[in-house]
Every structure is written in C-alpha cells, then in structure tokens.
Amino acid sequence: MPHSSNGWFGQHVLSVNQFNRSKLEHIFEVAHSMRSMVERFGTADMLHGHVLANLFYEPSTRTSSSFNAAMVRLGGRVLSINEVVYSSVSKGESLPDTVRTLECYADVIVLRHPEVGAAATAARYAHVPIINAGDGVGEHPTQALLDLFTIQEELGRVDGLKVAMVGDLKYGRTVHSLTRLLTQYHVELVFVSPDMLKLPPEIVAEVHSAGLAYRETDDIHNIIGDADVLYVTRVQKERFSDLALYDVVKEHYVVDPTLMARAKEEMIVMHPLPRVGEIAYAVDDDPRAAYFRQMRNGMYIRMALLAAVLGKA
Ligand code: CP
C-alpha cells in the first residue's frame, strides 16, 4: 500500500480545483490498495485511534454511509450527526460553533450543508480537516473523485472519451464537480438537459477555457450512439422554489432498454444516485450499468481520502 499522503496531511478537501492529475493518480492508487485490502481482509487498523465526525445538514445515504464504512474499515470510530434537528443546531447554534465543538472530539469532519460555500466557511474555523460532502448546488468533490475513478476503472482510460452528462445540469452539484475535473483530461463533453436545467454559464466558460470540444443539446436520442459514458442525474426537486416547474421537467429523460439498444456495446451508464425514475430498473442487469459499482468505489475513494488527510495513507 502506498505510504505517502502526497501533501494531504491536515488539509481540507473543499473543491475539485485542489486536484491536479498527479494528485488524482495518487488518490486512485491508494483507493486501489484499499479495495485489495477490503477484498482480502475486510478491515485494517490504519486509522485505529482516530475519530471522524459525520455532520450532515442535508439527507444522504451513500456519502454518509460510505464515509462511515470507510472509517470503520480502517479501524477508526465515527460520530454521526445525520439529523441536525436533534443537535444544538436546532437551538440556533451556528456552523462555526458546531464545527468548533466537533473538533474537540474528532480528528476530521465530513460536512454536507445546503449552502454553497458552507464547507469553506467551516474550514476557516476548523483546526481539523473539513471534507466537503456537498455544499448546496456548489460542489461534491468526493463524488467527482469516485466518478472519475469509476470511468478509469471501467473503461481503462479517461483521455479520448466522449462523456455525456444528462438531466439536471443546473442544480446537480455532482455534474459541476465532475465537469471541472474532466477539464484536466482530453475528453469531449455533451451536456444534455431541458433548457431550464442547463449547465451554469460559469462552468460552461471553464470548459471553453480548457479548450475542450463540447456541445449542449436537449435531445438524448441524438447523442446516445456516440457516448462512451452516459452520466445520468436526478432532477433535484429540493432546489425548486416553484414545484410546478419541477413537474414540467421531472420525467424529461428516462434511460430504458430501448434507449440502451442504441448505445455502444462498451459504453457505461453512471448515476450518482439516488434515482427517481430516470433510469429504469430494467437497465440494472445490463453489464453497461455501472452505477452500483460506482457506488462501491465511493468507499474506496473515501478510505483513501481519510487516510491521506490523517497522514496515514
Ligand atoms: N451521491 C450522493 O451524494 O448520494 P447521497 O445523497 O445518498 O449521499
């Protein structure tokens, strides 16, 4: 197993902008080692004596549970505050004070929060690493790492691929983070969304500045035959102030066996999950459906990140 935190010891993980290709390769190498370790032994004692605080102001299944499992599999312990309503947050305690409280008990804090920039705010007050587990419609950097790791694992490369992002590109923070990471690679990007859910212009501008070929469309049928990666997302109901607009777009795309019949044999379908109808259950047994493998990769990536920021990779 590689024994270097590659400069991550004590660092916050707030944005994908902190990762260049060399740092990505290092984290992926450690994640590989974590997978081998889990498959052979199940657990290790690398983080024995360390404590993770999982602080979630928004619902989560995968991110919360995989960080929890990652810490436990490395021999550490976890404080979970998944329902902040039952914490002193409900009495009006601020985010900075909540973070300063948890750092008295934990060595690293994983934070999900509905406001863009909340993780950066927490990091200004914290003396232990903060890992951004999603800040509103901003970023979800650990998801983007596991997404990129999955593309690499499934297809053996990232350079040269055509990646289609489908669905809610406006509010989908996983799309924002993954798109930013992909600007470091030689990929072609296709953004497939209804007009009201297009990728924010500032992220389109970043893709443009990186010199990548890209296009925007609302027609999934025209692009499905060329895509190497179909990255499907849920329409984020919780971000809509007008639910009538949500009803207009919620079932705009459904990936089903009929659509899959038009896709390449070696393409993969990814989804950060949860899904709410945009991928039919009938697709799950298709070998190209990578979303459950993607979900498992999340634990290995988060094991690698925890080990790195705690100086134990
Ligand atoms: N992909 C993801 O962030 O899932 P959860 O909301 O369940 O954590």
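Each ligand, and each atom within it, is numbered from 1 in the order the structure gives. What's counted below: heavy atoms across the whole structure, side chains too, no hydrogens, waters or symmetry copies.
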Criterion side chain to side chain donor-acceptor pair (under 3.5 Å) on E153 and H32, from CA distance to verdict: CA-CA 10 Å; E153 293 292 290; H32 260 295; 2.7 Å; yes

Starting from the C-alpha separation in whole Å, work towards a yes-or-no answer on side chain to side chain contact (heavy atoms under 4.5 Å, CB included) for Q294 and D147. CA-CA 7 Å; Q294 175 186 359; D147 292 342; 2.8 Å; yes

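For K237, the NZ atom counts as loosely surrounded, since its 6.0 Å shell holds 12 or fewer non-hydrogen atoms of other residues, nucleotides or ligands.
Each of V232, L178, V192 was checked for a side-chain contact (heavy atoms from CB on, under 4.5 Å) with M165, and the lone residue meeting it is L178.
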Can you list every pair where an N/O of ligand 1 is under 3.5 Å from an N/O on the protein?
{"unit_1": "ligand 1", "atom_1": "1 (N)", "unit_2": "Q143", "atom_2": "OE1", "d": "3.0"}
{"unit_1": "ligand 1", "atom_1": "1 (N)", "unit_2": "P272", "atom_2": "O", "d": "2.8"}
{"unit_1": "ligand 1", "atom_1": "1 (N)", "unit_2": "L273", "atom_2": "O", "d": "3.0"}
{"unit_1": "ligand 1", "atom_1": "3 (O)", "unit_2": "T63", "atom_2": "OG1", "d": "3.0"}
{"unit_1": "ligand 1", "atom_1": "3 (O)", "unit_2": "R112", "atom_2": "NH2", "d": "3.0"}
{"unit_1": "ligand 1", "atom_1": "3 (O)", "unit_2": "H140", "atom_2": "NE2", "d": "2.9"}
{"unit_1": "ligand 1", "atom_1": "4 (O)", "unit_2": "R62", "atom_2": "NE", "d": "3.1"}
{"unit_1": "ligand 1", "atom_1": "4 (O)", "unit_2": "L273", "atom_2": "O", "d": "3.3"}
{"unit_1": "ligand 1", "atom_1": "6 (O)", "unit_2": "R112", "atom_2": "NH1", "d": "2.9"}
{"unit_1": "ligand 1", "atom_1": "7 (O)", "unit_2": "T61", "atom_2": "N", "d": "2.8"}
{"unit_1": "ligand 1", "atom_1": "7 (O)", "unit_2": "R62", "atom_2": "N", "d": "2.9"}
{"unit_1": "ligand 1", "atom_1": "7 (O)", "unit_2": "R62", "atom_2": "NE", "d": "3.2"}
{"unit_1": "ligand 1", "atom_1": "7 (O)", "unit_2": "R62", "atom_2": "NH2", "d": "3.0"}
{"unit_1": "ligand 1", "atom_1": "8 (O)", "unit_2": "S60", "atom_2": "OG", "d": "2.6"}
{"unit_1": "ligand 1", "atom_1": "8 (O)", "unit_2": "T63", "atom_2": "N", "d": "2.9"}
{"unit_1": "ligand 1", "atom_1": "8 (O)", "unit_2": "T63", "atom_2": "OG1", "d": "2.6"}
{"unit_1": "ligand 1", "atom_1": "8 (O)", "unit_2": "R112", "atom_2": "NH1", "d": "3.4"}
{"unit_1": "ligand 1", "atom_1": "8 (O)", "unit_2": "R112", "atom_2": "NH2", "d": "3.3"}

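Residues V13 and V78 share a hydrophobic cluster, clusters being chains of Ile/Leu/Val/Met/Phe/Trp/Tyr side chains in contact below 4.5 Å.
Scanning for salt bridge (Lys or Arg N to Asp or Glu O under 4.0 Å) contacts around D219 gives an empty result, with sequence neighbours left out.
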